[in-house]
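If you read the sequence from its start, that first residue is 1, and numbering goes on from there. Each ligand, and each atom within it, is numbered from 1 in the order the structure gives.
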Amino acid sequence: MAVERVGVVGAGQMGNGIAHVFALAGCEVLLTDTSPEALAAAPQVIARNLDRQVAKGTITAEAKAQALARVIPTRELALLGQTDLVIEAATEREPVKTAIFESLVPHLAPHTILATNTSSISITRLASRTDRPEKFLGVHFMNPVPLMQLVELIRGIATDDATFDTAIAIVERLGKTASVAQDFPAFIVNRVLIPMINEAVYTLYEGVGTVTSIDTAMRLGANHPMGPLELADFIGLDTCLAIMNVLHDGFADTKYRPCPLLTKYVEAGWLGRKAGRGFYDYRTGTPVPTR
Ligand SMILES: CC(=O)CC(=O)SCCNC(=O)CCNC(=O)[C@H](O)C(C)(C)COP(=O)(O)OP(=O)(O)OC[C@H]1O[C@@H](n2cnc3c(N)ncnc32)[C@H](O)[C@@H]1OP(=O)(O)O
Ligand SMILES: NC(=O)C1=CN([C@@H]2O[C@H](COP(=O)(O)OP(=O)(O)OC[C@H]3O[C@@H](n4cnc5c(N)ncnc54)[C@H](OP(=O)(O)O)[C@@H]3O)[C@@H](O)[C@H]2O)C=CC1
């Protein structure tokens with residue numbers, strides 16, 4: 001099925017990135033968010049990230065202008081029903097996602113595919129709360145969306161072949177690479193990555209290292225582009241904690257218990273870059289370790 005009109009629910013770092021890449025690929029994008037501030041900021045955030053690509057020469061100024069014109073912010077969730085594909089990219093909390101899908105269903109055209117950008121939550125369970133589990137799947141972009149090559153595709157138990165084939169075609173149209181994961185907690189990327197980040201928080205919590213020594217060790221010792229604590233701030237500490245809880249509950253295995261220090265940072269509202277402060281304080285411009 002051809003995908004020309006795309007709805008994106010959530011104008012956070014991922015929703016903005018998803019809107020960015022679909023608009024660049026020529027799709028009309030209806031972008032919505034419950035936060036008026038996030039929705040108002042979205043066009044500028046997307047424009048700034050498009051400018052980075054213009055500055056690098058990877059896209060032309062004309063392509064940027066055309067892409068920006070294709071992104072239509074709206075407060076009306078119902079309008080997203082008249083699209084070919086809706087991608088949910090709201091907060092990593094299952095009740096939030098379920099409520100979004102339940103609100104969307106009455107407005108959806110019969111052919112519309114529903115997708116979620118969830119990092120970890122059961123696709124099968126989310127699909128069961130819609131009228132179309134056969135047209136529902138996980139389309140899991142990586143952060144930052146314009147730069148990261150991978151899109152993880154996760155079928156629910158009912159996802160049909162036509163829907164999956166459409167998703168494969170979408171990933172190709174975006175110039176990205178699909179990897180397929182089975183529908184089990186946190187799929188592949190976050191099943192491996194987030195426990196590593198959690199372990200880095202434990203090394204901080206236990207005093208094995210400092211924020212600086214831990215990130216330096218992994219950047220220079222394992223050639224990671226970002227240290228694990230810097231990456232946690234980039235992802236969002238609330239999202240990291242949510243993923244650990246999904247793993248811990250989903251597998252009932254204490255090896256996935258979230259580090260108490262990660263919980264403490266989230267309880268303090270120190271969610272990382274998006275909150276101005278996490279394992280680093282970004283409020284002065286230069287990141288300063290907060291521990
Ligand atoms: C949690 C989940 O569910 C799944 C996940 O996403 S897990 C997280 C996956 N992501 C990662 O692991 C990210 C690891 N970090 C990196 O790959 C790199 O640090 C990075 C690509 C994020 C940034 O690259 P960097 O070279 O260190 O920094 P930076 O200079 O800011 O960016 C590199 C280039 O990309 C551009 N860029 C960065 N972010 C961008 C964005 N959002 N949009 C467009 N362009 C962007 C920059 O303009 C820069 O271009 P120049 O080099 O020409 O200036
Ligand atoms: N961050 C990352 O590195 C990655 C995250 N993901 C996944 O993508 C999703 C979004 O993550 P991310 O962008 O980081 O999260 P953010 O917290 O940056 O953004 C979430 C946005 O969704 C909004 N929102 C909350 N509830 C609703 C709702 N009912 N309807 C519409 N919008 C709503 C939030 O508004 P408000 O702030 O007012 O609540 C916020 O603006 C999550 O499922 C996450 O697990 C996937 C890959 C990578």
Side-chain angles (χ1 to χ4, degrees), residues 7-21 24 31-42 45-59 64 67 73-77 80 86-104 115-121 126 138-152 154 179 181 186-194 196-197 215 218-219 223-228 230-246 266 269 271-275:
V8 177
V9 182
Q13 48 187 349
M14 294 309 289
N16 282 329
I18 293 165
H20 175 138
V21 297
L24 265 182
L31 176 64
T32 191
D33 195 300
T34 45
S35 158
E37 296 77 20
L39 200 55
V45 171
I46 296 169
R48 191 166 60 243
N49 286 326
L50 286 165
D51 280 336
R52 290 167 128 182
Q53 293 176 299
V54 171
K56 283 168 67 175
T58 48
I59 64 169
K64 172 209 165 181
T74 176
R75 298 294 309 277
E76 294 299 316
L77 184 71
L80 275 70
V86 177
I87 302 181
E88 173 276 317
T91 311
E92 188 70 347
R93 291 206 312 270
E94 188 161 352
V96 168
K97 297 183 181 303
T98 300
I100 288 168
F101 291 122
E102 289 177 343
S103 304
L104 261 175
T116 175
N117 190 55
T118 184
S119 297
S120 61
I121 298 168
L126 290 174
V139 180
H140 180 208
F141 291 86
M142 304 294 140
N143 187 9
V145 179
L147 292 188
M148 304 306 281
Q149 186 60 23
L150 188 82
V151 180
E152 202 172 32
I154 311 104
S179 81
F187 320 129
I188 296 172
V189 172
N190 290 327
R191 172 82 179 269
V192 175
L193 181 72
I194 305 300
M196 178 203 74
I197 287 178
D215 275 352
M218 294 308 289
R219 270 192 302 104
N223 232 17
H224 289 186
M226 283 177 166
E230 179 188 6
L231 180 54
D233 277 357
F234 185 63
I235 291 168
L237 302 190
D238 54 336
T239 301
C240 293
L241 178 59
I243 296 165
M244 285 310 297
N245 284 324
V246 164
V266 173
L271 305 183
R273 277 179 181 270
K274 65 185 175 182

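- Put simply, the side chain of Met142 does not reach to within 4.5 Å of the side chain of Val151, judged on heavy atoms.
- Checked against a 3.5 angstrom limit, the closest N/O atoms of Ala38 and ligand 2 fall outside it.
- Taking CZ from Phe141 and CG from Leu150, the interatomic distance works out to 10.5 Å, rounded to the nearest 0.5 Å.
- Contact annotation: the side chain of Leu193 approaches that of Leu231 to within less than 4.5 Å [non-hydrogen atoms, C-beta and beyond].
- For atom 22 (C) of ligand 1, the closest heavy atom belonging to the protein is Pro144 CD, 3.7 Å.
- Residue Ile235 touches ligand 1 through its side chain alone, judged by heavy-atom distances below 4.0 Å.
- Between Gln13 and ligand 2 there is a heavy-atom distance shorter than 4.0 Å.
- Contact atoms of ligand 1 toward Met148: 10 (N), 11 (C) (distance under 4.0 Å to a heavy atom of the residue).
- Residue Arg219 places its CZ atom among more than 12 non-hydrogen atoms of other residues, nucleotides or ligands, all under 6.0 Å distant.
- Side-chain contact between His140 and Ser119: present, with at least one pair of heavy atoms (C-beta onward) separated by less than 4.5 Å.
- Looking from atom 30 (N) of ligand 2 to the surrounding protein, the closest heavy atom is Thr34 CG2, 3.4 Å.
- Near Pro146, meaning under 4.0 Å from one of its heavy atoms, ligand 1 places the atoms 43 (N), 44 (C).
- Rounding to the nearest 0.5 Å places CE of Met226 at 10.0 Å from CG of Asp215.
- Distances between N or O atoms of Asp33 and those of ligand 2 include at least one value under 3.5 Å.
- The residues Lys274 and Asp238 are annotated as salt-bridged, a charged nitrogen and a carboxylate oxygen being separated by less than 4.0 angstrom.
- The protein heavy-atom contact nearest to atom 3 (O) of ligand 2 is Asn143 ND2, 3.0 Å.
- Contact atoms of ligand 2 toward Ser35: 35 (O), 38 (O) (distance under 4.0 Å to a heavy atom of the residue).
- Every N/O-N/O distance between Asp238 and ligand 2 stays at or above 3.5 Å.
- Of all protein heavy atoms, the one lying nearest to atom 27 (O) of ligand 1 is Pro225 O, 4.9 Å.
- Looking only at protein heavy atoms, the nearest one to atom 19 (O) of ligand 1 is Met226 CG, 3.6 Å.
- In this structure, NE2 on His20 lies 4.0 Å from CG on Leu50, to the nearest 0.5 angstrom.
- Residue-ligand proximity, His140 to ligand 2, at heavy-atom distances under 4.0 Å covers atoms 46 (C), 47 (C).
- On a distance-only criterion, Lys97 and ligand 2 share at least one N/O pair closer than 3.5 Å.
- Looking at atom 44 (C) of ligand 1, its nearest protein heavy atom turns out to be Asn49 O, 3.4 Å.
- Contact annotation: for Phe141 versus ligand 2, heavy atoms closer than 4.0 Å belong to the backbone alone.
- Of the protein's non-hydrogen atoms, Ser119 OG, 3.2 Å is the one closest to atom 6 (N) of ligand 2.
- In this model, no donor atom of one side chain and acceptor atom of the other lie less than 3.5 Å apart for Glu152 and Ser179.
- Contact of the Leu24 side chain with the Ile59 side chain is registered, since non-hydrogen atoms from C-beta on lie closer than 4.5 Å.
- In this comparison of Arg219, His140, Arg52, the heavy atom closest to atom 41 (C) of ligand 1 sits on Arg52.
- Rounding to the nearest 0.5 Å places CD of Glu230 at 12.5 Å from NE2 of His224.
- With values rounded to the nearest 0.5 angstrom, Thr98 atom OG1 is found 5.5 Å from Leu126 atom CG.
- Shown in contact with Leu193 at under 4.0 Å from a heavy atom are these atoms of ligand 1, numbered in order with element: 7 (S).
- When the heavy atoms of Arg75, Glu92, Glu37 are ranked by distance to atom 43 (O) of ligand 2, first place goes to Glu92.
- Side-chain atoms of Asn117 never come within 3.5 Å of backbone atoms of Glu88 as a donor-acceptor pair (strictly under, hydrogens ignored).
- The contact set between ligand 2 and Ala89, taken as ligand atoms under 4.0 Å from a residue heavy atom, comprises 9 (C), 10 (C).
- Close contacts of ligand 2 with Val9, meaning ligand atoms under 4.0 Å from a residue heavy atom, involve 30 (N), 31 (C).
- Any N or O atom pair closer than 3.5 Å counts here, and Ala90 shares at least one such pair with ligand 2.
- With hydrogens left out, the protein atom closest to atom 23 (C) of ligand 1 is Leu147 CD1, 4.8 Å, a heavy atom.
- Using a 4.0 Å cut-off between heavy atoms, Leu231 contacts ligand 1 through its side chain alone, with no backbone atom that close.
- At a 4.0 Å heavy-atom cut-off, ligand 1 does not touch His224 at all.
- Selection from Lys56, Glu152, Met142 by nearest heavy atom to atom 34 (C) of ligand 1 gives Lys56.
- Defined by atom type and a distance below 3.5 Å, a donor-acceptor pair is missing between the side-chain atoms of Thr74 and Glu76.
- Considering backbone and side-chain atoms alike, Ser119 places an N or O below 3.5 Å from some N or O of ligand 1.
- Of the polar atoms of Asn190, at least one N or O is found under 3.5 Å from an N or O of ligand 1, judged by distance alone.
- For atom 16 (P) of ligand 2, the closest heavy atom belonging to the protein is Lys274 NZ, 3.8 Å.
- What sits closest to atom 13 (O) of ligand 2 on the protein, heavy atoms only, is Met14 N, 2.9 Å.
- The distance from atom CD1 of Ile235 to atom CG of Leu241, rounded to the nearest 0.5 Å, is 12.5 Å.
- Atom 24 (N) of ligand 2 is approached by the protein to below 4.0 angstrom, counting heavy atoms only.
- Checking only distances, Gly15 never comes within under 3.5 Å of ligand 2, N or O to N or O.
- For a threshold of 3.5 Å applied to N or O pairs, the pair formed by Gln53 and ligand 1 contains no separation below that value.
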- Message: Could you go through Thr58 and Gln53, starting from their C-alpha distance and side-chain angles, then the distance that decides it, and tell me whether this counts as side chain to side chain donor-acceptor pair (under 3.5 Å)?
- Response: CA-CA 5 Å; Thr58 48; Gln53 293 176 299; 4.5 Å; no
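- Heavy atoms of Asn143 found under 4.0 angstrom from ligand 1 belong to the backbone as well as the side chain.
- Taking distance alone, with nitrogen or oxygen atoms compared against 3.5 Å, Thr118 stays at or beyond that limit from ligand 2.
- Taking any N or O of Thr32, backbone or side chain, none lies under 3.5 Å from an N or O belonging to ligand 2.
- The closest protein non-hydrogen atom to atom 19 (O) of ligand 2 is Gly12 CA, 3.3 Å.
- Nearest protein heavy-atom contact of atom 39 (O) of ligand 2 is Thr91 OG1, 4.1 Å.
- Of the protein's non-hydrogen atoms, the one nearest atom 26 (N) of ligand 2 is Val96 CG1, 3.6 Å.
- Taking the side chain as every heavy atom from C-beta outward, Phe187 and Thr118 approach each other to under 4.5 Å.
- Within the listing of ligand 2, atoms 28 (C), 29 (N), 30 (N) sit less than 4.0 angstrom from a heavy atom of Ile100.
- Backbone and side-chain nitrogen or oxygen atoms of Asn117 are examined, and one is located within less than 3.5 angstrom of a nitrogen or oxygen of ligand 2.
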